[in-house]
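Worksheet: one structure, shown below.
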Amino acid sequence: GAGVLQVQDVTGIPKEETLGIGDTNGDLPMLALVGFVGCPANSSASCKTLVESRGGFVSEYNHAKGVVDCINHFLEG
């Protein structure tokens, strides 16, 4: 989470325009600090629940392919 806050501060990009993609419970604090959230199919149940509760995108693909799918989803949307 601290890294996301620093990037937002340095770049001036607001929370509402920041995308976070996570897959484990360790990513939950980071996902709480961004405006858009996504995760690959192989993510932890807690991660998927948070993403779904925030109206985010859960990819049907695992690992890196799932990350790319998340990015494409938000770029196309």
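Counting heavy atoms from C-beta on, the side chains of Asp23 and Cys39 never come closer than 4.5 Å.
A pairwise comparison of heavy atoms in Ala41 and Asn62 identifies CB-OD1, 3.4 Å as the closest pair. The minimum heavy-atom distance linking Gly66 with Pro40 is given by the pair CA-CB, 4.1 Å. A pairwise comparison of heavy atoms in Gly1 and Leu33 identifies O-CD1, 3.4 Å as the closest pair. When all heavy atoms are compared, the tightest approach of Cys47 to Leu31 is SG-CD1, 3.7 Å.
Taking the side chain to side chain contact (heavy atoms under 4.5 Å, CB included) definition, one finds that Cys70 meets it with Ile21, Phe57, Ser59, sequence neighbours left out. Looking at residues two or more places apart in sequence or on another chain, you find a side chain to side chain contact (heavy atoms under 4.5 Å, CB included) between Glu52 and Val58. Residues meeting the side chain to side chain donor-acceptor pair (under 3.5 Å) test with Asn42, sequence neighbours left out: His63. Residues satisfying the side chain to side chain contact (heavy atoms under 4.5 Å, CB included) criterion with Thr49, sequence neighbours excluded, are absent altogether. With sequence neighbours left out, Phe36 forms a side chain to side chain contact (heavy atoms under 4.5 Å, CB included) with Leu19, Phe74.
Leu5 and Val34 fall within a single hydrophobic cluster, where Ile, Leu, Val, Met, Phe, Trp and Tyr side chains are chained together by heavy-atom contacts under 4.5 Å. Under the 4.5 Å side-chain heavy-atom criterion for Ile, Leu, Val, Met, Phe, Trp and Tyr, Val67 and Leu75 are members of the same hydrophobic cluster. Both Leu50 and Val4 are part of a single hydrophobic cluster, where members link through side-chain heavy atoms under 4.5 Å apart.
Here side chain to side chain donor-acceptor pair (under 3.5 Å) pairs that include residues 6-17, with residues two or more places apart or in two chains, are Gln8-Thr18.
The closest donor-acceptor contact from the side chain of Asp27 to the backbone of Thr24 lies under 3.5 Å.
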